[in-house]
Amino acid sequence: MNKPCFPVTFLGAGPGDPELITVKGRRLLDGADVIVYAGSLVNPALLEGVRAKIYDSAGMDLDGIMAVMVEAVRAGKKVVRLHTGDPALYGAIREQMHRLDRENIGYEVVPGVSSALAAAAAVKAELTVPELTQTVIFTRRAGRTPVPERESLSNLATIQASMCIFLSVSMMEQVVGELLAGGYPPATPVAVVEKATWPQERIVRGTLADIGGRVQASAIRKTAMILVGPALGENDKTASKLYDAGFSHEYRAGV
Ligand code: SAH
């Protein structure tokens, strides 16, 4: 597209598989002079062959990250700030964008495949099954980062939607306790996907009644997505109306 070229791009790297970056993202990575990436989660395979100078933000604080980015832009360089999954979710991009605003440096955000959606793909789930739920909640349990009380897992569980729970697998026992306390029945299906789309991907399935023990036995402690809700059931045969022969829509008349 004929959009202006921004000195800084916040770029979604996708969940891990190097083929799951957008075509635009790949082009921007290949053309970058400086790449600052979240080394703890971004697959380094994405950076093979790039000509840019690479910084791993894992050991850097916000000041350090901004100093690298601002200095590079001032030197006329093109900077890519590479975030895992999609930058809009738990990416801490807002404070970086505020700093760039203050420096009068232009930027764009290029989306990526969130690990929530990669995890759903791994378990071949549709998160929005008619009659069961039409809502997906992206959330996390409070850890060192607080979560507003009204968004506690037990409050969110009252909605009985599909939930994608980030950053919480190390607190699995509490997660399960709060989801049950909020009203999901113990038979509610759960899938935990570790390192979705990486070669080491692992999937643990169960229900709220037994997933705690299963996750503990699997020794999954980090980089995992917890998917919960009635739509995660493998045996549910509820069909979408979209392809139902009797359902009319814009492109097809029902019979
Ligand atoms: N912006 C990212 C999320 C960053 S927060 C995204 O859209 O995916 C980091 C959390 O994301 C991890 O604690 C884990 O819950 C989840 N996560 C990131 N990569 C993952 C992967 N490949 N498989 C499963 N979960 C992952």
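Computation of the quantities below employed the complete heavy-atom set of this structure, encompassing side-chain atoms and omitting hydrogens, waters and symmetry-equivalent molecules. When a ligand or atom number is given, it counts from 1 through the structure's own listing order.
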- When you look for protein heavy atoms under 4.0 Å from ligand 1, which residues do they belong to? P15, L41, T84, G85, D86, L89, Y90, S114, S115, F166, L167, V193, K195, A196, W198, T223, A224, M225
- Item | Residue pair T128 / Q134, side-chain donor-acceptor N/O under 3.5 Å | no
- Under 3.5 Å, side chain of Q160 to main-chain N/O of G183, donor-acceptor pair present? yes
- Query: Under a 4.0 Å N-O cut-off, is there an ion pair linking D63 with R99?
  - Reply: yes
- Considering all heavy atoms, the nearest S115-P15 contact: CA-CB, 4.1 Å
- Looking only at atom types and distance, does a side-chain atom of S168 sit under 3.5 Å from a main-chain N or O of F166, one as donor and one as acceptor? yes
- What residues, two or more places apart in sequence or in another chain, satisfy side-chain contact (heavy atoms from CB on, under 4.5 Å) together with A161? T133, T135, I137, I159
